[in-house]
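Here the structure is a predicted model, which means the values were calculated and not measured. Lettering follows sequence order; numbering is per chain, from 1.
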Amino acid sequence: MKAVSGKLKYLRTLPSSVSRFHSLTPLASHAQPKNSSSSTLLGEFVNFCYQRDLPRAMKAMAVMERHGVYADSLTYSELIKCCLARNAVEQGKLVHKHVFSNGHQPKTFLVNILINMYVKFSLLEQARALFDQMPERNVVSWTTMISAYANAKLSVRALEFLVLMLREGVLPNMYTFSSVLRACDGLVNLRQLHCGIIKVGLESDVFVRSALIDVYSKLDKLKDAVCVFNEMETRDYVVWNSIIGGLAQNSDGDEALNQFKMMKRAGFSADQSTLTSVLRACTGLALLEVGRQVHVHVLKFNVDLILNNALLDMYCKCGSLEDAKSVFERMVDRDVISWSTMIAGLAQNGYSREALKFFDLMKASGVKPNYITILGVLFACSHAGLVDDGWYYFQSMKRLYGIDPGREHYGCIIDLLGRAGKLDEAVKLIHEMKCEPDAVTWRTLLGACRVHRNVDLAIYAAKQVLKLDPEDSGTYVLLSNIYANSQRWEDVSEIRRAMRHRGIAKEPGCSWIEVNKQIHAFILGDTAHPKINEINRGLNQLIHKLMGIGYVPETDFVLQDLEGEQRDDSLRYHSEKLAIVFGLMSLSTGSAIRIRKNLRICGDCHNFAKLVAKMECRLIVIRDPIRYHHFQNGVCSCGDYW
DNA sequence: GTAGGGTTAG
């Protein structure tokens, strides 16, 4: 065996030169390396690497190591790519050992690739060890580590590495910033980073911009996100997706849909991410018909799980469970989110038994429930008044599924006990909670007090709500009504004073209905709708007809008007009543009337909707901020508890 | 060789 000449070591072989080695006999397992020349050995190895023949390349590499033969960095990078593609962790480690085995320090380029390999194998410690040993680290070395930490949600470490990098005098590039932005979980850091980006002149990079848009919207700074978006001269489809996603996730569905139109106008077509966000916007706005239109485009991506989950949720939240079930049945894959969406969707829409059946099916299919799944299950129990089942699931969730009950789970049980009239037990549970009750917890109890007309406890619960959420106008109104009903005028004026002092005004009730893919909004006392006179006439006639079958407009609203619209002459014109009449006028006979509201539905409107549904033989679905009400044949799916 | 966007509750 001839000694290997220095020239041969780290011979630079470009991919275009691969053909040079094609004529060489491949290194068979029985080949005698002793008879092979160094160049033949190397040639075969290079060939195997570029052919992505991992087993043979690994064998050849072992032989080379025994003979002190080494290839060039580019060939090793091909081999590492091959290990990554095959998820061959052990082989990857051998390559690492091999390139360091001749006592030479490999090129920075190659070490960066090895670090990246460990990162992709989720072996962060190995990546870090390799990084620490490097005599020289360039921007790629630093960015690879920063990106790894950002992916692993180790935000502090990612930011720390940026600082260390700057201290070492390495200038971050657009890759560094788009990586580190993902690790940014505070506004102060974000503002600093944004300044840094502008300072080094990278603010026009599309990757950096889309990351900025994303982080600003995740930190609830939508205005800043929109600002970054508007300042852009060139936008690509990811930038569009970032802004549409940001808007949809921040409950600005209108603007998300608007930007989606602009995106199409700018010549970009929607991909899975775009459609997911558009569906989320439809979900928030309860736009069933627009959602159905989007569904047609979703069919192109029928194996995309996230997109299908968003579609499921859209149908559930728009109150069309038949569509949701049909999508669910056709899905190729279903994960815990698909099942949880169905369980919560069925429960919220009043199909508790079916929700629990889905939970059994989910377990049978081997999918493990998570925190949110159990919430849906408990919600289903509380909705159907299944006190024992609810308790069972609540008390066994830790043991069976390893999930600690959180505030929301307690909330479901408080609701369950409250619905069953067990108010004392509900209060006891609040005091026994392992986590601090919040405004939502107390509001849940307040809801139960409203249903069971427990004035003293309602006052107590309302005070607790206001301690934790002093801006909650609905609770002020409710408390003031309770005091008024008990002739406690001093307390009434105290509440009004507090409201004035804090600048809290009652939010006007608003209902939305979708007709011909257009949203029609009705606001209490608002006469802006072009057909308002016709609607008012229709409403008066309808009320007259309903009174004939026993409708008595309610006047006693204390403890009924939980966050609902005002109790006065305008009661007759509550926004959902206007929306129902408009629905009757505009939608074809027999089609469902679907309405979304910003406030809880009041007792009178609830009664009104039940009777209209019966008299007109219509399904009326009203989604308030908490619950869904399906009115059919004179009854509501909520069982008159909300 | 290093980078950006999407799903369940509240």
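Distances were taken from every side-chain heavy atom of A:D313 (C-beta onward) to each of B:dG6, B:dA9, B:dT2; the shortest belongs to B:dA9. Nearest nucleotide to the side chain of A:I372, out of B:dA9, B:dT2, B:dA3: B:dA9. Proximity note for A:V140 (side chain, C-beta onward) versus B:dT8, B:dG4, B:dT2: the nearest is B:dT2. You'll find that the side chain of A:N309 is closest to B:dT7, out of B:dA3, B:dT2, B:dT7. Closest to the side chain of A:D236, out of B:dG6, B:dG4, B:dG10, is B:dG4. Closest approach to the A:Y371 side chain among B:dA9, B:dA3, B:dG6 is made by B:dA9 (side chain taken as heavy atoms from C-beta onward). Here B:dG6 is the nucleotide among B:dT8, B:dG6, B:dA3 with the atom lying nearest to any side-chain atom of A:S277. Of the candidates B:dG4, B:dT2, B:dT7, B:dT2 carries the atom nearest the A:N116 side chain, counting heavy atoms from C-beta on. Out of B:dG10, B:dT8, B:dT7, the shortest distance to the side chain of A:I306 is found at B:dT7.
Within the 4.0 Å cut-off from OP1 or OP2 of B:dT8, not a single side-chain nitrogen or oxygen of A:Q348 is found. Residue A:R182 has a polar side-chain atom (N or O) positioned under 4.0 Å from OP1 or OP2 of B:dG4. In terms of phosphate contacts, A:K317 brings no side-chain nitrogen or oxygen within less than 4.0 Å of OP1 or OP2 of B:dT7. Contact check, A:R280 against B:dT8: a side-chain N or O comes under 4.0 Å of OP1 or OP2.
Taking a 4.0 Å limit (strictly below) on heavy-atom distances, residues 322-338 of chain A reaches DNA chain B at A:I337.
Checked against ring pair (Phe, Tyr, Trp, His ring centres under 6.0 Å), A:Y149 has the following partners two or more places apart in sequence or in another chain: A:F161.
Scanning atom types as modelled, no donor and acceptor separated by under 3.5 angstrom connect the side chain of A:D271 and the base of B:dG6. A donor N or O paired with an acceptor N or O is found under 3.5 Å between the base of B:dA3 and the side-chain atoms of A:S178.
With salt bridges taken as basic N to acidic carboxylate O contacts below 4.0 Å, one links A:E78 and A:R52. Between A:R191 and A:D224 a salt bridge is recorded (basic side-chain N to carboxylate O distance below 4.0 Å). At a threshold of 4.0 Å, the pair A:K357-A:D360 does not count as salt-bridged, since none of the basic side-chain nitrogens sits closer than that to a carboxylate oxygen.
Taking the six-membered ring for Trp, A:H104 and A:Y70 have ring centres at least 6.0 Å apart.
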